[in-house]
*Asks:* 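This is the structure I have questions about; it appears just below.
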Number of protein chains: 2
Amino acid sequence: MTTRTVIRPLAGKSPGGIDRKRASTEQSATLPPLDKMIGYKLRRAQLAVFQDFLTVFSKMRLRPAEFSVLALIAETPGRKQSEIAERLGIKRANFVALMDGLERRGLAERRKAESDRRSHSLHLTPEGRRFVHKMSALWGKHESRLIERLGGPEEKDRLLELLDRMFD
Amino acid sequence: MTTRTVIRPLAGKSPGGIDRKRASTEQSATLPPLDKMIGYKLRRAQLAVFQDFLTVFSKMRLRPAEFSVLALIAETPGRKQSEIAERLGIKRANFVALMDGLERRGLAERRKAESDRRSHSLHLTPEGRRFVHKMSALWGKHESRLIERLGGPEEKDRLLELLDRMFD
DNA sequence: TATTGTTATACTCTATAACTATA
DNA sequence: TATAGTTATAGAGTATAACAATA
């Protein structure tokens with residue numbers, strides 16, 4: 001509870017037309033500027049990073065959600081469809097079309113699990129493994145550009161550590 | 001260019017069914033785990049923060065975009081509609097419905113600018129100013145909860161400083 | 001009866017093109 | 001001719017309910 005609210009000094013009323021500065025009659029806020037707000041900055045930074053991702057991966061026709069699914073299957077193949085979806089925060093209903101796309105492109109596949117025939121275990125195809133390999137190289141370029149912006153790997157670790165604290 | 005790629009040791013092939021651990025035949029990636037990727041962490045943190053925002057502001061029926069518009073008009077009233085939209089990264093076409101909603105609720109208003117009668121200057125109504133006042137109190141609760149999670153105001157400043165570097 | 005994957009559907013955000021009125 | 005605001009529309013992303021197959 002260490003937040004301070006910013007009280008702005010009141011200025012004179014400005015005449016009609018478009019007021020470029022501050023009009024005291026409309027200044028009742030005790031809010032800091034948007035750029036000092038965590039949620040706002042976080043959103044803008046995330047959009048900037050995704051924009052870079054989209055540019056880098058457009059040639060592979062790969063979106064962030066597809067990237068994360070392939071990365072997760074590569075990390076621990078054979079997991080249930082619903083497990084992968086939940087891990088990524090994607091509703092299982094919405095995961096279906098995503099997985100359909102990867103399967104149609106021949107990158108990943110569903111296999112009927114023998115233990116529980118309701119569930120599908122997810123795997124990469126041989127082509128999917130080659131795809132992930134190329135993906136990794138591109139990801140390196142993307143990530144090192146971000147690290148460069150941040151000012152080095154130590155700064156990246158500091159950022160990840162701070163972001164970790166934002167959960168629950 | 002200080003990124004290091006992680007080469008994983010290969011393990012033995014596992015039998016059919018659902019593989020819970022790592023299957024070397026499917027492990028061609030040189031990717032770190034998702035939780036070490038900046039973009040992924042950034043997105044998850046942003047979603048967590050927005051979730052808290054939505055909970056806190058549900059009683060005011062206020063979404064993040066509406067919050068930022070009201071905050072910006074309060075900060076510098078009288079600016080052109082397209083200026084506010086661009087500042088927030090919202091396409092001017094999409095801004096129309098947003099502003100319609102705020103106007104319908106009696107919180108903000110468009111005024112024909114005398115200098116250039118094509119443009120609208122944006123202002124808060126008296127009720128809008130009262131609304132922003134209540135909004136500010138709620139925002140304080142939200143923000144201080146985030147700061148508490150981060151570990152204090154110094155940590156917040158560190159985070160904002162790092163996020164600032166992510167732009168171009 | 002509960003769970004996994006699926007379909008259908010709706011709502012929000014975002015992006016683009018084209019229109020209007022003014023400049 | 002160009003710009004501000006607007007409309008219409010289409011595409012993602014996300015949320016919920018209901019169903020079939022299986023447990």
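Letters A, B, ... mirror the listed sequences (proteins, then strands); counts begin at 1. Atoms considered below: every heavy atom in the structure, side chains included; atoms not considered: hydrogens, waters and symmetry mates.
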*Asks:* Does dT6(C) have its OP1 or OP2 closer than 4.0 Å to a side-chain nitrogen or oxygen of Arg110(A)?
*Replies:* yes
*Asks:* Whether the side chain of Thr125(B) engages the backbone of Gly106(B) through a donor-acceptor N/O pair (distance < 3.5 Å, no angle test) should be reported.
*Replies:* yes
*Asks:* Between P on dT22(C) and CD on Glu114(B), what's the gap in Å once rounded to a whole number?
*Replies:* 15 Å
*Asks:* Let's see if you can work this out: which of dT7(D), dA18(C), dG5(C) has an atom nearest to the side-chain heavy atoms of Ser82(A)?
*Replies:* dG5(C)
*Asks:* Heavy-atom nearest nucleotide on DNA chain D for Arg117(A) versus Ala65(A): which residue maps closer to 5'?
*Replies:* Ala65(A)
*Asks:* Atom CD of Gln51(B) and atom P of dA15(D): how far apart are they, to the nearest Å?
*Replies:* 8 Å
*Asks:* Whole-Å distance between dG5(C) C1' and Lys112(A) NZ?
*Replies:* 8 Å
*Asks:* Could you tell me how far apart Gln81(A) (CD) and dT3(C) (C1') are, to the nearest whole angstrom?
*Replies:* 13 Å
*Asks:* If we count only N and O atoms by modelled type, under 3.5 Å, do the side chains of His120(B) and Lys112(B) hold a donor and an acceptor together?
*Replies:* yes
*Asks:* Starting at NZ of Lys80(A) and ending at P of dA23(D), how long is that distance when rounded to a whole Å?
*Replies:* 12 Å
*Asks:* Compare side-chain N and O positions of Lys91(A) against OP1 and OP2 of dT14(D) and report whether any pair is under 4.0 Å apart.
*Replies:* no
*Asks:* dG13(D), OP1 or OP2 - any side-chain N/O from Arg63(A) closer than 4.0 Å?
*Replies:* yes
*Asks:* Starting from the 5' end of DNA chain C, give me the residue, Leu47(A) or Val96(A), whose nearest nucleotide shows up first.
*Replies:* Val96(A)
*Asks:* For a quick test of reading the model: is some side-chain N or O of Ser119(B) closer than 4.0 Å to OP1 or OP2 of dG5(D)?
*Replies:* no
*Asks:* May I ask you to verify whether the side chain of Arg118(B) and the base of dG5(D) hold a donor-acceptor pair under 3.5 Å?
*Replies:* no
*Asks:* Answer yes if the side chains of Gln81(B) and Arg110(B) hold a donor-acceptor pair under 3.5 Å, and no otherwise.
*Replies:* yes
*Asks:* Measure centre to centre between the rings of Phe53(A) and Phe67(A), then say whether the value is under 6.0 Å.
*Replies:* yes
*Asks:* Nearest whole Å is fine: how far is dG13(D) P from Gln46(B) CD?
*Replies:* 14 Å
*Asks:* Measure the NZ-CG distance between Lys156(A) and Leu160(A) for me, rounded to the nearest 0.5 Å.
*Replies:* 5.5 Å
*Asks:* Report yes or no: is there a donor-acceptor pair, N or O only, under 3.5 Å between the side chain of Asp116(B) and the base of dA4(D)?
*Replies:* no
*Asks:* Quickly work out the Arg92(B) CZ to dT3(D) C1' distance and round it to whole Å.
*Replies:* 8 Å
*Asks:* Rounded to the nearest angstrom, tell me the gap between atom CG in Asn94(B) and atom C1' in dG11(D).
*Replies:* 12 Å
